[in-house]
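Just below is one structure, and these are the notes that go with it.
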Amino acid sequence: MATIVLQVPDENLVSKVKQACKMIVGVTSVKLQKNAKPRLYDPETGEFLNDKTMKAIEKVRSGKDKGTTYSSFEEFEKAMRAL
């Protein structure tokens, strides 16, 4: 099964778009999410990023997560091997 996400900026058109989608042959369900946060799209995979990835990105963008710093390349390399 595939999922298609539509963003409708005009609130007056939402119900009409929802009705139109229900009339398409093969559509099994139509769900409405108001004020949903936009998701980042990965064009290589054709998928949207999952919740865990979106939260990590939001933390960095908001400044809550400054990331990890290393004093040397050797320290960085050691940390990467531990993963």
Side-chain angles (χ1 to χ4, degrees):
M1 175 170 35
T3 301
I4 298 173
V5 178
L6 301 172
Q7 292 182 344
V8 182
D10 186 347
E11 194 69 32
N12 298 322
L13 293 176
V14 171
S15 63
K16 292 178 181 180
V17 171
K18 188 176 176 182
Q19 288 174 347
C21 289
K22 286 181 180 179
M23 293 189 300
I24 299 172
V25 174
V27 172
T28 58
S29 71
V30 177
K31 296 177 184 175
L32 176 62
Q33 282 185 313
K34 288 190 176 189
N35 301 323
K37 288 186 177 181
R39 294 215 169 247
L40 296 176
Y41 177 76
D42 183 353
E44 289 182 17
T45 63
E47 297 178 1
F48 288 88
L49 300 181
N50 62 28
D51 289 339
K52 185 176 180 180
T53 305
M54 289 300 296
K55 285 179 185 176
I57 291 170
E58 288 172 13
K59 283 174 76 175
V60 171
R61 284 183 174 170
S62 69
K64 293 179 183 174
D65 185 353
K66 302 288 184 197
T68 305
T69 58
Y70 301 97
S71 59
S72 67
F73 178 76
E74 287 77 21
E75 186 182 333
F76 166 76
E77 194 173 31
K78 182 179 176 183
M80 293 302 106
R81 284 192 195 126
L83 295 175

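What's counted below: heavy atoms across the whole structure, side chains too, no hydrogens, waters or symmetry copies.
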Is any side-chain heavy atom of [X] less than 4.5 Å from a side-chain heavy atom of [Y]?
X     : Y     : value
Leu6  : Cys21 : yes
Arg61 : Ile57 : yes
Phe48 : Asp42 : no

Connected-component partners of Val27 among ILVMFWY, side-chain separation under 4.5 Å: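 Grouped by the 4.5 Å side-chain rule, Ile24, Val30 form the rest of the cluster around Val27.
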Whether over 12 other heavy atoms sit under 6.0 Å from Leu40 CG: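 Enclosed: over 12 neighbouring heavy atoms sit under 6.0 Å from CG of Leu40.
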Phe73 reachable from Leu83 in the ILVMFWY side-chain graph, under 4.5 Å edges: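 Yes, same cluster.
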Single-linkage hydrophobic cluster, 4.5 Å side-chain cutoff, Val17 and Met23 together: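 Val17 and Met23: separate clusters.
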Arg81 and Glu77 ion-paired at < 4.0 Å: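 Here Arg81 pairs with Glu77 in a salt bridge, since their nearest N and O are under 4.0 Å apart.
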Taking every non-hydrogen atom, the tightest pair across Lys18 and Leu32: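 Smallest interatomic distance, heavy atoms only, reads NZ-CB, 4.4 Å.
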Selection residues 50-71 - residue pairs positive for ring-ring contact (aromatic ring centres under 6.0 Å, His included), sequence neighbours left out: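 Checked against ring-ring contact (aromatic ring centres under 6.0 Å, His included) - neighbours excluded - the pairs reaching residues 50-71 are Tyr70-Phe76.
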Backbone of Leu49 reached by a side-chain donor or acceptor of Thr53 within 3.5 Å: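 Such a contact is absent between Thr53 side chain and Leu49 backbone.
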